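Before any comments, here is the structure.
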Amino acid sequence: VCSSDLENVINYVPSLATINSEVYKLAARVLKNNGQEDLAKLFLEKSLDIYFQDSETHFMLAEIYMHKGNQEKAKKHLEYACEQEPYFPAEKLLEQLIEK
């Protein structure tokens, strides 16, 4: 994805979020997958402001924190991800983190 595409994602997210708040999470995934973890983190935090119990959002934040070497914050978000209902990707990653 070229930088102008990423700029479009960032610029349109607030407008699109008025229609569907899941847009923050989707935009964060696009940004995260394109090496823009700091921007992705901001969008994920905005997503949590709307719905804190979203397991997938916590999971993506955990992945970012793990990549940045912050295991404690990663663990916290994985635990949040597993609180509401079973979320296999978070359970698996949490297990790997605890084993280290």
Side-chain angles (χ1 to χ4, degrees):
V1 177
C2 69
S3 64
S4 65
D5 290 337
L6 289 176
E7 285 179 39
N8 284 336
V9 167
I10 293 166
N11 290 334
Y12 287 105
V13 166
S15 297
L16 294 171
T18 62
I19 299 165
N20 184 343
S21 60
E22 290 279 313
V23 169
Y24 285 114
K25 186 168 56 174
L26 175 64
R29 183 178 302 283
V30 170
L31 291 164
K32 180 179 157 297
N33 290 343
N34 284 280
Q36 300 294 320
E37 288 184 336
D38 290 335
L39 285 172
K41 188 171 153 278
L42 292 174
F43 279 51
L44 291 169
E45 289 168 350
K46 185 72 172 169
S47 178
L48 288 180
D49 286 344
I50 294 167
Y51 183 62
F52 188 80
Q53 289 80 21
D54 189 290
S55 296
E56 186 179 11
T57 301
H58 283 292
F59 177 75
M60 285 193 287
L61 273 168
E63 288 180 315
I64 290 171
Y65 282 121
M66 285 183 74
H67 187 252
K68 291 183 174 288
N70 191 334
Q71 308 306 327
E72 277 307 307
K73 279 197 174 186
K75 182 180 176 196
K76 179 183 79 168
H77 282 286
L78 290 171
E79 288 170 347
Y80 285 141
C82 295
E83 276 181 2
Q84 301 306 309
E85 57 188 43
Y87 188 69
F88 181 72
E91 291 171 355
K92 183 177 177 183
L93 194 55
L94 182 58
E95 185 177 299
Q96 291 171 358
L97 185 61
I98 290 171
E99 289 175 356
K100 285 184 176 182

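Counting begins at 1 with the first residue of the sequence. Quick caveat, the model's predicted, so the values are computed rather than measured.
- Within 6.0 Å of the NZ atom in K46, the count of heavy atoms belonging to other residues, nucleotides or ligands does not exceed 12.
- Separation of atoms NZ (K25) and CG (L61) is listed at 11.5 Å; rounding is to 0.5 Å.
- Looking at heavy atoms from C-beta onward, F43 lies out of side-chain contact with R29 at the 4.5 angstrom threshold.
- Here the CD-CG distance, from E56 to L44, works out to 9.5 Å after rounding to the nearest 0.5 Å.
- With respect to the salt-bridge test (charged N to carboxylate O, under 4.0 angstrom), the residues K76 and E72 do not qualify.
- Looking only at side-chain heavy atoms (C-beta outward), M66 and L93 come within less than 4.5 Å of each other.
- Note that the CE atom of M60 and the NE2 atom of H77 stand 12.0 Å from one another [nearest 0.5 Å].
- Taking each heavy atom of I10 and P14 in turn, the nearest pair found is O-CD, 3.6 Å.
- In this structure, the side chains of F52 and H58 come closer than 4.5 Å at one or more pairs of heavy atoms.
- Using a 4.5 Å heavy-atom cutoff, the side chains of L78 and F59 are in contact.
- Hydrophobic clustering of Ile, Leu, Val, Met, Phe, Trp and Tyr side chains at less than 4.5 Å, counting indirect connections, unites L97 with Y87.
- The same ILVMFWY cluster, assembled from side-chain heavy atoms under 4.5 Å apart, contains both L39 and L16.
- Looking only at side-chain heavy atoms (C-beta outward), L42 and L31 stay at 4.5 Å or farther from each other.
- In this structure, K92 and E95 have side chains that are not in contact, with every pair of non-hydrogen atoms separated by 4.5 Å or more.
- Of the inter-residue distances, the one linking E22 atom CD with T57 atom OG1 reads 7.0 Å to the nearest 0.5 angstrom.
- The side-chain heavy atoms of Q53 and Y51, taken from C-beta on, include a pair separated by under 4.5 Å.
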Open item on the list: Please evaluate residues D38 and K68 with respect to the criterion side-chain contact (heavy atoms from CB on, under 4.5 Å), reporting the C-alpha separation (whole Å), side-chain torsions for both, the decisive distance (0.1 Å), and the verdict.
Closed with: CA-CA 10 Å; D38 290 335; K68 291 183 174 288; 2.9 Å; yes
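- Residue S55 comes nearest to A81 through the heavy atom pair OG-O, 2.7 Å, listed as atom of the first residue, atom of the second, then distance.
- Note that the OH atom of Y80 and the CG atom of D54 stand 14.5 Å from one another [nearest 0.5 Å].
- Note that NZ of K41 and NZ of K73 are 6.0 Å apart. Values are rounded to the nearest 0.5 Å.
- Proximity of a side-chain donor or acceptor of N34 to a complementary backbone N or O of Q36 within less than 3.5 Å is not detected.
- In plain terms, the two heavy atoms of A40 and I64 that are nearest each other are CB-CD1, 4.0 Å.
- The shortest distance between side-chain heavy atoms of N20 and L26 does not fall below 4.5 Å.
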